[in-house]
Amino acid sequence: MSDYRSQSRSGGGRGGQEYSNDDDPPMSRLFIICNKAHTEEDFREAFSPYGEIEDIWVVKDKHTQENKGIAYVKFSKTSDAAKAQEEMNGKTIGKMDRTLKVLVAANRNQGSNKSENEQEKYVRLFIVIPKTATEEDIREEFSQWGDVESVTIVKEKNNGNPKGFGYVRFTKFYYAAVAFENCSAKYKAVFAEPKGSTRTQRDQYGRPSEDNPLYSSSGRGNSNFNGGGSSSGGGGSSSYNNDWNVSQNNDMAAFLRMQNVPVAQPSCLEVNVSNCVNQDQLWRLFDIIPGLDYCQIMREHGPRTNEALVVYDNPEAAIYAKDKLHGLEYPMGERIIVKVNGMSSARMDTSFIDKRTKKDAICNVPLPPTQPLASPDDQVAQRLFIVLSANLPHSILKNIFSCWSGLIDVYLLPNKNCGYVKYAEVESAQLAIRTLNGAEICGTKIKVMEAEERSGSDGDDGGRKRLRRN
DNA sequence: CGACGGGACGC
DNA sequence: CGACGGGACGC
């Protein structure tokens, strides 16, 4: 959804031929400089071995009808076009004297732009990369599609922190095309614009990039947090199990699986701490008190302070932690502020007394055990809209919603207490609504409902509009 | 030498 | 009662 694929003007449907969008998929149309004597059939014969052809157009002079010696061949698949381009460039068709020059066609509205080393445009992918991935990880992942010439992870110039995106350069257009078509959707791979070029339009909604002062919330690129001292777990970068799914493996998930252990109400603390204290240090500090379930720096709270969420599996531990750590100078000269989060103390007392057995310490309703996630490539079967009464860390939400199988993604809108959850299974989404709507997570109330269609989508299902007939 | 036709959804 | 993310390269 919302990628270039949906912008093709194919009406869908059967029967009638569609006029394919020239740039869908990208780089799938070839521009051929040839002999005036070449016919459409010549090109069909020569190029159809490489894959399905959507359109062949031999350009003629408007008035004289004479061939201009150029032609366009549009393939269905980028990789087929790539193969054809590489193999047919410089070849001749039949007994023609002239060798073909085969290039990837430029966008319709920009006309001829020969100049830059042609290949530059076709061999590089621009991808979204998790901040913890190394260039070696990416090279290994993308080498399965072809020879990788280089990987570049873009970093902040000041501190060297990764910016979350980068480039993979292949040795051939064909390899880049295969990687583009087959790599996981989480990379959001697109062909990279050549270095100096002005970027094309961003997305169909917003403007290119409005700087949001809510970016570098966690002081030091400490990205995601894996619970206790558990070492970073950079391990198997095999298939899908890297940092997008990191919360699958952490202590919290393990904790949630211990569903048979009766536990008391969870208790959350809100902590303000100097931004020179990192995630790990903060965890160690609060882990002095037994019962720590969760500890995460959430956002900036002031120029030199962060706000963190700390969760214990019982109220006594939380109260004890508050008594002992509130006002502590850590480090020297920087006081830690600890207060009870989410629920009023009255409510806390109630839950303290009301010790019914719960399946876990995070949510006030029973939850099934953690289920497998869907891959980011899977199709969204249902999207939910969630509203929180206060912020919760993404990893907690992900863990909660992964109690039903086929979770694809959870995200909160920046600066708001609402967001979206995507499932690959309608049934899971419905169960999540039934179970979680109105529940509390760490004392934060949550509403869960079906999301409205985003406006302006070409939604091809559901709606009452769009009866198509023939 | 080398850059753009044909045809036309469904409100 | 809250509604749509992320991603352009030290010229």
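Labels below follow one simple rule: chain letters A, B, ... track the order of the sequence lines, proteins then strands, and each chain is numbered from 1. Just the heavy atoms: all of them, side chains too, but no hydrogens, waters or symmetry mates, feed the values below.
- Below the 3.5 angstrom threshold, one finds a donor paired with an acceptor across the side chain of A:Lys422 and the base of C:dG5.
- C:dC4 atom C1' lies 13 Å from atom CD1 of A:Ile386, rounded to whole Å.
- Under the stacking criterion of a centre-to-centre distance below 5.5 angstrom and an interplanar angle below 30°, A:Phe165 is not stacked against the six-membered ring of C:dG7.
- Listed pair A:Lys68 / B:dA3 fails the phosphate criterion, with no side-chain N or O lying under 4.0 Å from OP1 or OP2.
- Taking the 5.5 Å centre cut-off and the 30° plane limit, the aromatic side chain of A:Phe126 is classed as stacked on C:dA8.
- No cation-pi contact links A:Lys83 to A:Tyr50, judged by a cut-off of 6.0 Å to the six-membered ring centre and 45° from its axis.
- Screening A:Leu30, A:Asp23, A:Asp55, A:Asp24 for a side chain to side chain contact (heavy atoms under 4.5 Å, CB included) with A:Lys74, the sole residue that qualifies is A:Asp55.
- Straight-line distance from the CH2 atom of A:Trp57 to the C1' atom of B:dG7: 13 Å, rounded to whole Å.
- No N or O donor and acceptor, one from the side chain of A:Arg169 and one from the base of C:dC9, sit under 3.5 Å apart.
- Looking at the side chain of A:Arg124, the nearest of the listed nucleotides B:dC1, B:dG5, C:dC9 is C:dC9.
- The NZ atom of A:Lys157 sits 8 Å away from the P atom of C:dG10 (whole-angstrom rounding).
- Residue A:Lys416 is the one, among A:Lys416 and A:Gly164, whose nearest nucleotide of DNA chain C lies closer to the 5' end (criterion: closest heavy atom).
- Note: CD (A:Glu450) to C1' (C:dC1) measures 17 Å, nearest angstrom.
- More than 12 heavy-atom neighbours from other residues, nucleotides or ligands sit within 6.0 angstrom of CD on A:Gln144.
- In terms of modelled atom types and a separation under 3.5 Å, the side chain of A:Asp61 and the main chain of A:Thr64 share a donor-acceptor contact.
- Atom P of nucleotide C:dC1 and atom CG of A:Leu388 are separated by 13 Å, given to the nearest angstrom.
- Of the residues near DNA chain B, A:Ile70 and A:Val58, the one whose nearest nucleotide (by heavy atom distance) lies more toward the 5' end is A:Ile70.
- If you check every strand for non-hydrogen atoms under 4.0 Å, A:Leu30 touches nothing.
- Counting any heavy atom pair closer than 4.0 Å across all strands shown, A:Gly69 reaches sugar-phosphate atoms only and no base atom.
- A:Leu413 comes within 4.0 angstrom of the backbone, heavy atoms only, and of no base.
- Residue A:Tyr72 and nucleotide B:dC4 are classified as a stacked aromatic pair, their ring centres being separated by less than 5.5 Å at an interplanar angle below 30°.
- Distance, A:Gln65 CD to B:dG5 P: 12 Å, rounded to whole Å.
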